[in-house]
Amino acid sequence: TIGGTPRATFTITAGSSSVAFRYYDETAGSYSVTLTNDSSLTDPAAHPITIDPAAAAQLAITSVNGGSDPIGGTPFSVVVRSQDQFGNFSNVSGNTDVALSVATGTGALGGTTTGTLTAGSSSVTISGVTYSTPESGVSLTATRTSGDTLSAGTSGTFTVAAGAVKLAIASPTSASSLTVGSFSVTVQSQDGSDTPAPVAADTDVSLSLNMGSGSLGGTLSGTISAGTSSVTIVGATYLEAESGVILTATRTSGDALTPGDSESLTFGPGPLDHFAVTNSSGDPIAAQTAGVGFDVRVVALDEFDNTVTGFTGTVDLSSNKTCSAGCTTSAAFDAGVLSTHSLTLTQASAGDATVTATKSGDTEAGTSNSFTIVAGAADHLTITSSTANLASGSSRAITAEVRDANDNVVTSDAGRTITFTQTAGAGSVSGTGSDDTTAGIASRTVTGVTAGSVTITASATGLSSGTTTFTVVPGAAD
């Protein structure tokens, strides 16, 4: 038995004390020879034997990339061994140079393709080999170029996987439903056939805006880890609702990959947040005239001021000034826009008038710019003086204001002659007469004379008159 395996049976003939045999094996190694007998003799001790390899005669490629598929264009290692004629590893007697070449395959071998089996060894690892073309059925040949005379050896066939050469934005795509705000972007490393391919080293990528009128912000960078082919960047932001947006992914470190663009993306508006109230052209509301109608435009907006085209509801219009018409519920919006709505405000304002639109039945609202409401055309006179008793001998200013039909003071009225006369009453005053208006106001100072009721009338051409009545009472005893 050799190495635990029965090999042969021998017979010691009668009258002799020994038997001779020869052992032949092509596999180098150390073994034990054990003899057993079928008689009563004692078995001898096991006898060790060593079978040495024959002289090195050939080369063999025993490993390509450690058994894993190499990646096209990415360095890998090849192990070359020297063997005897029976396939046993056998040391070379002198330094022996070897070179690698392509046995089967359409690609080109590059990088480091040579190595040396040093004298007394049987192995060399050639690192940094590259193969250009991703394909299956590739094999390599190792050929002796100097040193011991060894026949060439060819590897088994293997597959060269595709290597990453470019970046691509895998998502979002043109079919993605995006809204303004935060979103995620998946960047992929690909081979030349647009197939995902892992990177050899950690590869940093960044995002930028290629086309679009908005601003790309938030988180704009990530890392494709070595041996993987993608990274998802979470927290990028885009705030402009529009179509035709294109992003670009660019490598900033690691593998040399060409940039890649996204498909054309469309960002829709976010949910309704507020309204914009403007004039019918979309501009700030200019000064208006009390009692004269004007049109406003109301647009439904998200938090980033994009038109919420899906809003088709109504709003309730109101103002901080007296409103005689239009402060009601609007018509329905069309694609987020109420193109025109008429209002009439009757209260004059020195620049603080506003119009507010509030979503019907809800809280979303928007207020216009502040604007001025000037008085309308002069319509009548109103006396604003006190009607308290006036003591005889005491004086009082009788003030008349030029007002429009909505009772606003016409502050633009100047130089109009206002006549103050006593038109009724048993009492009397002195000092009546006329005065010219300044900023819509005129006045005369009268003095109580005779006790009794007094009615003063302010009149002017083209205007309705104004009156006031008070009582002149006796003055202090004299």
Side-chain angles (χ1 to χ4, degrees), residues 279 283-295 319-326 342-355 368-450 452-472:
N279 68 13
D283 298 319
I285 299 173
Q288 302 297 318
T289 300
V292 178
F294 62 99
D295 291 335
S319 176
N320 62 342
K321 300 302 176 183
T322 304
C323 180
S324 63
S342 182
L343 297 99
T344 301
L345 303 181
T346 58
Q347 183 182 355
S349 162
D352 65 344
T354 58
V355 175
S368 71
N369 62 289
S370 296
F371 57 95
T372 296
I373 301 176
V374 298
D379 177 76
H380 63 278
L381 296 171
T382 297
I383 296 178
T384 59
S385 306
S386 170
T387 58
N389 291 343
L390 177 65
S392 178
S394 296
S395 299
R396 169 179 296 163
I398 306 298
T399 301
E401 295 178 345
V402 179
R403 296 190 177 187
D404 64 11
N406 296 295
D407 228 24
N408 299 294
V409 178
V410 183
T411 56
S412 61
D413 192 277
R416 184 191 298 271
T417 299
I418 309 297
T419 301
F420 297 86
T421 57
Q422 180 175 344
T423 55
S428 66
V429 294
S430 63
T432 57
S434 60
D435 185 40
D436 290 342
T437 57
T438 300
I441 298 174
S443 67
R444 290 288 296 182
T445 298
V446 297
T447 301
V449 178
T450 304
S453 175
V454 173
T455 296
I456 302 294
T457 298
S459 60
T461 302
L463 302 181
S464 299
S465 299
T467 62
T468 183
T469 299
F470 57 90
T471 300
V472 175

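Nothing here was measured: the structure is a model prediction, and the numbers come from that model.
- Under the side-chain hydrogen bond (donor to acceptor under 3.5 Å, both in side chains) criterion, Thr471 pairs with no residue, sequence neighbours left out.
- Between Asn279 and Ile285, the closest heavy-atom pair is N-CG1, 3.7 Å.
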* Asked: When you look at Val355 and Phe371, which way does the side-chain contact (heavy atoms from CB on, under 4.5 Å) test go after all the steps?
  -> CA-CA 9 Å; Val355 175; Phe371 57 95; 4.0 Å; yes
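- With sequence neighbours excluded, the residues satisfying side-chain hydrogen bond (donor to acceptor under 3.5 Å, both in side chains) with Ser349 are Asp352.
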Do any side-chain atoms of residues 453-465 form donor-acceptor pairs under 3.5 angstrom with protein atoms, and if so which ones, sequence neighbours left out?
residue, atom, partner, partner atom, Å
Thr455, OG1, Thr469, OG1, 2.9
Thr457, OG1, Thr423, OG1, 2.7

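- The side chain to side chain contact (heavy atoms under 4.5 Å, CB included) search around Asp379 returns Ala405, not counting sequence neighbours.
- Here Ser395 pairs with Thr447 under the side-chain hydrogen bond (donor to acceptor under 3.5 Å, both in side chains) rule; sequence neighbours left out.
- Not counting sequence neighbours, Ala286 has no partner by the side chain to side chain contact (heavy atoms under 4.5 Å, CB included) test.
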* List the steps and the verdict of side-chain contact (heavy atoms from CB on, under 4.5 Å) for Ile373 and Phe294. => CA-CA 11 Å; Ile373 301 176; Phe294 62 99; over 6 Å; no
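- Pairing each heavy atom of Ala353 with each of Lys321, the nearest pair is CB-CG, 3.7 Å.
- Contact check for Thr450 versus Val472: no side-chain heavy atoms found under the 4.5 Å cut-off.
- With rounding to the nearest 0.5 angstrom, the OG atom of Ser370 is 7.5 Å from the CG atom of Asn320.
- Panel note: side chain Thr399, backbone Ser443; no donor-acceptor pair is recorded below 3.5 Å.
- How far OG1 of Thr346 is from CD of Gln288: 13.0 Å, rounded to the nearest 0.5 Å.
- Residue Ile418 comes nearest to Ala442 through the heavy atom pair CG1-CB, 3.7 Å, listed as atom of the first residue, atom of the second, then distance.
- Scored by the side-chain hydrogen bond (donor to acceptor under 3.5 Å, both in side chains) test, Asn369 finds no partners at all (sequence neighbours excluded).
- Scanning both residues, Ala378 and Val410, for their nearest heavy atoms gives CA-CG2, 3.9 Å.
- Of all heavy-atom pairs between Ala439 and Val409, the closest is O-CG1, 4.0 Å.
- Closest heavy-atom contact between Cys323 and Leu343: SG-CD2, 4.5 Å.
- For the side chain to side chain contact (heavy atoms under 4.5 Å, CB included) test, residues two or more places apart in sequence or in another chain that qualify with Ser386 are Ala388, Arg396.
- To the nearest 0.5 Å, atom CZ of residue Arg444 and atom OG of residue Ser430 are 10.0 Å apart.
- Between the side chain of Gln422 and the backbone N or O of Gly427 there is at least one donor-acceptor pair closer than 3.5 Å.
- Contacts of Val292 classified as side chain to side chain contact (heavy atoms under 4.5 Å, CB included), with partners at least two apart in sequence or in another chain: Thr289.
- Asn406 places no side-chain N or O within donor-acceptor distance of the main-chain N or O of Asn408, the cut-off being under 3.5 Å.
- Contact of the Val402 side chain with the Leu381 side chain is registered, since non-hydrogen atoms from C-beta on lie closer than 4.5 Å.
- Judged as a salt bridge (charged side-chain N to carboxylate O under 4.0 Å, His left out), the pairs with a partner in residues 415-436 (not counting sequence neighbours) are, in order, Asp413-Arg416.
- Between Val429 and Phe470, the closest side-chain pair of non-hydrogen atoms falls below 4.5 Å.
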